[in-house]
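To keep things clear, I will list the structure first and then write my remarks on it.
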Amino acid sequence: MGTAREEMHGFATRWIPRFEEWGYGQLFETMEFSDDCRALGFEMDCGEAFEAAYPGCFRNAGATERAIAGCEDAGLLGSALHSGWRYYNHWNAFGGFEPEDRDWFGVVLRRLAELSA
């Protein structure tokens, strides 16, 4: 078993292409992503901590990319990802997953990969 940093990097680099290529069902109708988040200790708080730290950024790719460029808190980023996933898995009644939604996950996962490299 690798270090926590290596495991986090593996998580980020494994999921970046999945969020670029996989369909809605593959991403949100299984618990694989959530299980990976929980294994790393990422919380699910509806994005509240992320929104408190970066107002107006939760699930907003453009705002998030600018805001988190200097973020050093991997736990905050991971919990935002877990909470974002839960939105699409549970609360998103219409089942849409637009390109900008997909982009948000990529922005956060790439920053997490940078932090854990």
Side-chain angles (χ1 to χ4, degrees):
M1 185 171 225
T3 67
R5 185 181 201 103
E6 290 169 338
E7 290 173 13
M8 195 171 305
H9 189 74
F11 163 81
T13 57
R14 181 174 56 256
W15 282 99
I16 288 169
R18 291 176 180 186
F19 272 95
E20 291 172 350
E21 300 164 6
W22 284 12
Y24 187 90
Q26 291 171 295
L27 292 169
F28 303 110
E29 292 177 5
T30 71
M31 296 302 289
E32 185 180 0
F33 186 79
S34 183
D35 291 344
D36 285 356
C37 287
R38 273 197 295 282
L40 290 168
F42 299 150
E43 301 291 326
M44 192 181 330
D45 68 352
C46 299
E48 291 175 4
F50 189 80
E51 186 63 25
Y54 303 104
C57 292
F58 185 61
R59 295 185 14 249
N60 179 324
T64 295
E65 189 162 27
R66 291 183 296 277
I68 67 171
C71 179
E72 299 291 326
D73 189 342
L76 179 68
L77 296 175
S79 293
L81 287 165
H82 199 185
S83 296
W85 175 87
R86 182 64 173 162
Y87 170 81
Y88 292 100
N89 165 266
H90 184 71
W91 297 297
N92 183 21
F94 68 92
F97 189 56
E98 301 301 322
E100 57 270 14
D101 302 323
R102 187 179 295 274
D103 291 346
W104 181 82
F105 283 94
V107 164
V108 180
L109 284 164
R110 283 190 298 277
R111 181 64 189 142
L112 193 59
E114 290 170 2
L115 286 176
S116 59

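Nothing fancy with the numbering, it's 1 onward along the sequence. Remember, it's a predicted structure, so these values are computed and weren't measured experimentally.
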Subject >> Any Thr30 side-chain heavy atom under 4.5 Å of Gln26 side chain >> reply: no
Original post:
Looking at side-chain heavy atoms only, is the closest gap between Arg38 and His82 below 4.5 Å?
Top reply: yes
Subject >> In one Ile/Leu/Val/Met/Phe/Trp/Tyr side-chain cluster, 4.5 Å: Phe97, Leu81 >> reply: yes
**OP:** Could you check if a side-chain atom of Thr64 sits within less than 4.5 angstrom of a side-chain atom of Tyr54, using non-hydrogen atoms only?
**Re:** no
Subject >> Trp104 and Phe58 aromatic centres sub-6.0 Å >> reply: yes
Original post:
Hey, quick one: are Tyr24 and Ile16 part of the same hydrophobic cluster, counting side-chain heavy atoms closer than 4.5 Å, chains of contacts allowed?
Top reply: yes
**OP:** Side-chain contact test, heavy atoms from C-beta onward, threshold under 4.5 Å: evaluate it for Trp91 versus Cys46 and give yes or no.
**Re:** yes
Subject >> Point-to-point distance, once rounded to the nearest 0.5 Å, from CG of Asp73 to CG of Leu112 >> reply: 10.0 Å
Original post:
Once the angle between the rings of Phe28 and Phe105 is folded into 0 to 90°, is it parallel (under 30°), tilted (30 to 60°) or perpendicular (over 60°)?
Top reply: tilted
Original post:
Where is the tightest heavy-atom contact between Ile68 and Val108, given as atom of each residue plus distance?
Top reply: CD1-CA, 4.1 Å
Original post:
Does the salt bridge (Lys or Arg N to Asp or Glu O under 4.0 Å) test come out yes or no for Arg18 and Glu32, once each step is laid out?
Top reply: CA-CA 12 Å; Arg18 291 176 180 186; Glu32 185 180 0; 2.8 Å; yes
**OP:** Indicate the atoms forming the closest heavy-atom contact of Arg102 with Leu27, along with that distance.
**Re:** NH1-CD1, 4.1 Å
Original post:
For Met31, does its backbone N or O pair with a side-chain atom of Trp85 as donor and acceptor, under 3.5 Å?
Top reply: no
Subject >> Derivation of the side chain to side chain contact (heavy atoms under 4.5 Å, CB included) call for Glu72 and Leu115 >> reply: CA-CA 7 Å; Glu72 299 291 326; Leu115 286 176; 3.4 Å; yes
Original post:
Is there side-chain contact between Ser83 and Phe42, with heavy atoms separated by less than 4.5 Å?
Top reply: no
Original post:
Between atom OH of Tyr88 and atom CG of Asp101, what is the distance when rounded to the nearest 0.5 Å?
Top reply: 3.0 Å
Subject >> Closest non-hydrogen atom pair, Gly84 against Arg59 >> reply: CA-CD, 4.5 Å
**OP:** Could you check if a side-chain atom of Asp36 sits within less than 4.5 angstrom of a side-chain atom of Trp15, using non-hydrogen atoms only?
**Re:** yes
**OP:** Identify the heavy atoms of Ala63 and Gly56 that sit nearest to each other, and give their distance.
**Re:** CB-O, 4.0 Å
Subject >> Pairwise side-chain contact, Arg86 with Asn89, heavy-atom cut-off 4.5 Å (strictly under) >> reply: yes
Original post:
Can Phe50 and Ser79 be said to form a side chain to side chain contact (heavy atoms under 4.5 Å, CB included), step by step?
Top reply: CA-CA 8 Å; Phe50 189 80; Ser79 293; over 6 Å; no
**OP:** Look at the aromatic rings of Phe19 and Phe33 and report parallel, tilted or perpendicular, splitting at 30° and 60°.
**Re:** perpendicular
**OP:** Taking atom CD of Glu51 as the centre, report whether more than 12 heavy atoms of other residues, nucleotides or ligands fall under 6.0 Å from it.
**Re:** yes
Subject >> Ser116 versus Met8, closest heavy-atom pair with distance >> reply: OG-C, 3.8 Å
Subject >> Rounded distance (nearest 0.5 Å) linking atom CG of Leu76 with atom CZ of Arg111 >> reply: 11.5 Å
